[in-house]
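Read through the structure below, which is laid out as structure tokens, and then see the notes.
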Amino acid sequence: MFPANPSSEHLAVDYPPRDGAMSPASQGESSTYAGRVKDFVELHDQVETGVDLLDSLESFLSTFQKDLSVVSGQISELQDRSKDIEGRLKSRRKIEKPLSNLLLDFCVPPPLATLILDTDVGEPWISAIGDFERRLVALKQRVRVKAARDLTDVAEGLRIVAATKLRSFFLNMLQPIRTSMTTNMQVLQTSIFAKYRPLFAFLQHQAPTVASEVQRAYIGAARTYYETGFRRYSRSLGWVKARAVEKPEDIVTIASAPGAAAITEADTERLSYSRIDGPGVTMLYMADDKTHKEPVEALFRSLMLVLMDNATAEYTHVTTFFATEPLPATNSQLQRENSSSGVLSPTSLLSPTHGDFDDIRSNPGSDWGASSPRRRLTSMQSNNGTPPTTPSPKDEQTALAAVWKQILDPVLDYCKTFVDSILGPTPPPVIPLLTMIRFTEDVMAEIQKRGCSPLETYIFTMRLQMWPIFQKSMQENIDAVKRYADGTSTGYFRAKVITTDSVVATICDRYVVMFNSFVSLTNQPDETMIFSNLFRLRQELAKLIVTHTDKIEA
């Protein structure tokens, strides 16, 4: 719409002339455009060039985008491959040590084989034989692995050579025991046998027949050694005992004897034989001196001390040297034990004997298993090399105690014969008898500390044998005082006995000595066996004093 009254202020609109003629203004513009045609053409060319460049750039960017997508896919693939390689590397690193241990278990180093084949048994064998046994155990555990089967013949040959050399070695070690009594058995056991204990353990595991032969040879040699020594020693003690026979007379008989010596104090020197830490023992050469004499309790103490030292030392050696040890752990087993709980060990992955392995499909002729029927596996070792089953601790302790008993049976018999000669048919006086009883108790306490239960049983039985004899001796003293108070004798005609002051005083003195001796030999104040007999003897002695006093007054 236009305004109703157009004002002069509105611009006029130029219209072209009707006859087609150009106005001056139009002509001026046309001339201007005509003068700039070249610029417009150049601008057009530049625009087309720019369009072409843009099209080229568009094509390049499209191609670059496609290439970038391909590269991105390749990078993603490389990343996946890198992760896979890293995971495989970690797995290889985990398997590296178990595989190394497995290879170490399988192979037999040339220096080890050379040592067994070309050298005599000595200290270098101690460590080498343990290493060799670990390899034997590993080969038996991996019997279905081809590498283990390849080494079977070599390992078996080395085992036989080692067992043969060790047999000769241990049998030669027993020669000093068989040939000379001057051999110190304890030094031989602690310095030589104990040092070569691993070699005998190898025989126990890998050649039990040879180990049994060595054990029997040791039992025979040690039995002869101890039997000869104790036979000579007990015989010498018997000679000394025969030089000073002490009659087992009661206190009345001793006090009534003509010229009876008055004794008012206990013999502390003889009482000291009731302890282990008392005087020295009687040596074998002392018996050659025909003037040498010792009380019976000293001889008993010497024999028991020698028995205790030798028997406990032998028991310690037997239970240590002949005890069955577990098989040594292989490197792979140690690796498995050190692995994390609940995580499958890489070693178990390498082991075809692992519980997850399909034993039904396992074929000894293949490393990977086959569907053929499974045949029975043969052991790498012969019957001589089959390790014995591990006995229970109780059964093993019983077996070792039996070995000890086989060695010391003659010794125990000689000791029992000597002790029986002391106790019967005429036992020693009551104070020496109690001294020997107390010494057996001290010996039992020491044997318990040393842990020799068979010898403890032997000494306990001997102690039980002495107590009834002691009780009988005390009863004889009580009856003797009672008969003396009643004025009767033990003779056939039972002559009348008259009490005298000197005899009664001597009886009282000997009772005091007996009482003091018993108190010195008693550690427990409530010893019923001791003090009940003393109390009964005291009562009869009191009656004797009263009866004698009444006779004097009358």
Side-chain angles (χ1 to χ4, degrees), residues 108-137 139-140 153-226 228 313-328 380-388 390 396 399-400 403-404 406-407:
V108 178
L112 178 60
T114 302
L115 177 70
I116 296 176
L117 294 174
D118 299 338
T119 64
D120 295 330
V121 179
E123 291 188 9
W125 279 57
I126 297 176
S127 58
I129 206 69
D131 184 23
F132 179 56
E133 186 174 11
R134 282 192 293 270
R135 299 176 191 278
L136 289 178
V137 173
L139 290 175
K140 287 186 296 181
D153 294 338
V154 176
E156 177 66 9
L158 291 175
R159 184 193 68 81
I160 294 175
V161 172
T164 303
K165 288 188 175 183
L166 290 177
R167 174 185 176 275
S168 301
F169 174 74
F170 282 112
L171 293 181
N172 291 334
M173 286 173 59
L174 299 176
Q175 287 300 323
I177 305 176
R178 295 191 180 101
T179 57
S180 177
M181 282 302 299
T182 59
T183 303
N184 192 320
M185 179 68 91
Q186 279 70 42
V187 173
L188 187 65
Q189 292 172 347
T190 56
S191 300
I192 299 179
F193 279 93
K195 180 171 64 174
Y196 291 106
R197 170 72 179 90
L199 303 184
F200 184 77
F202 172 82
L203 292 179
Q204 286 181 313
H205 299 153
Q206 307 302 329
T209 303
V210 178
S212 299
E213 181 183 357
V214 172
Q215 180 175 316
R216 289 193 301 270
Y218 175 83
I219 292 173
R223 180 186 177 98
T224 302
Y225 175 86
Y226 286 116
T228 304
E314 186 62 28
Y315 186 78
T316 301
H317 173 70
V318 167
T319 55
T320 303
F321 189 80
F322 294 109
T324 304
E325 293 185 358
L327 289 171
M380 181 191 71
Q381 299 176 336
S382 62
N383 293 333
N384 188 37
T386 304
T390 303
E396 184 177 19
L400 295 176
V403 172
W404 177 87
Q406 291 179 37
I407 296 173

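The analysis underlying the following values was restricted to heavy atoms, covering all of them including side chains, and did not include hydrogens, waters or symmetry mates.
- Within the 6.0 Å centre-distance limit, the rings of Tyr218 and Phe322 are counted as a close aromatic pair.
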Verdict with reasoning, Trp404 to Leu400, per side chain to side chain contact (heavy atoms under 4.5 Å, CB included) = CA-CA 6 Å; Trp404 177 87; Leu400 295 176; over 6 Å; no
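- Judged purely by distance below 3.5 Å, without hydrogens or angles, the side chains of Glu314 and Gln189 pair a donor atom with an acceptor atom.
- The structure places CG of Leu174 at 10.5 Å from CZ of Phe169, a figure rounded to the nearest 0.5 Å.
- For the atom pair CG (Leu199) and CZ (Phe170), the distance works out to 5.0 Å, reported to the nearest 0.5 Å.
- Applying the salt bridge (Lys or Arg N to Asp or Glu O under 4.0 Å) test to pairs two or more places apart or on separate chains, those with a residue in residues 162-186 are Arg167-Glu213.
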request  = Dump the intermediate steps for ring-ring contact (aromatic ring centres under 6.0 Å, His included) on Phe200 and Phe193, then the final yes or no.
outcome  = CA-CA 9 Å; Phe200 184 77; Phe193 279 93; 9.1 Å; no
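- The two residues Ala323 and Gln204 have their closest heavy-atom pair at O-OE1, 3.2 Å.
- With rounding to the nearest 0.5 angstrom, the CZ atom of Arg223 is 7.5 Å from the CD atom of Gln406.
- A side-chain donor-acceptor contact under 3.5 Å links Arg197 to the backbone of Phe321.
- The closest donor-acceptor contact from the side chain of Ser191 to the backbone of Leu188 lies at 3.5 Å or more, if one exists at all.
- In this structure, the side chain of Tyr226 does not engage the main chain of Ala221 through any donor-acceptor pair within 3.5 Å.
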Side-chain atoms of residues 120-130: list all donor-acceptor pairs with protein atoms under 3.5 Å, sequence neighbours left out, distances to 0.1 Å.
{"unit_1": "Glu123", "atom_1": "OE2", "unit_2": "Lys195", "atom_2": "NZ", "d": "3.0"}
{"unit_1": "Trp125", "atom_1": "NE1", "unit_2": "Thr119", "atom_2": "OG1", "d": "3.2"}
{"unit_1": "Trp125", "atom_1": "NE1", "unit_2": "Asp120", "atom_2": "O", "d": "3.1"}

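- For the salt bridge (Lys or Arg N to Asp or Glu O under 4.0 Å) test, no residue two or more places apart in sequence or in another chain qualifies with Arg216.
- Taking the side chain as every heavy atom from C-beta outward, Phe132 and Leu136 approach each other to under 4.5 Å.
- Side chains of Val210 and Leu166 form no contact here, defined as non-hydrogen atoms less than 4.5 Å apart.
- In this structure, Thr320 contributes its side chain and Thr316 its backbone to a donor-acceptor pair below 3.5 Å.
- Heavy-atom minimum distance, Leu171 versus Ala217: CD2-CB, 3.5 Å.
- Distance check: Met185 CE to Thr190 OG1 gives 11.5 Å after rounding to the nearest 0.5 Å.
- The two atoms that bring Thr224 and Gly220 nearest to each other are OG1-O, 2.9 Å, heavy atoms only.
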key: Residue pair Gln206, Lys140: steps toward the side chain to side chain contact (heavy atoms under 4.5 Å, CB included) verdict   = CA-CA 11 Å; Gln206 307 302 329; Lys140 287 186 296 181; 3.7 Å; yes
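- Between the side chain of His205 and the main chain of Glu325, a donor-acceptor pair closer than 3.5 Å is present.
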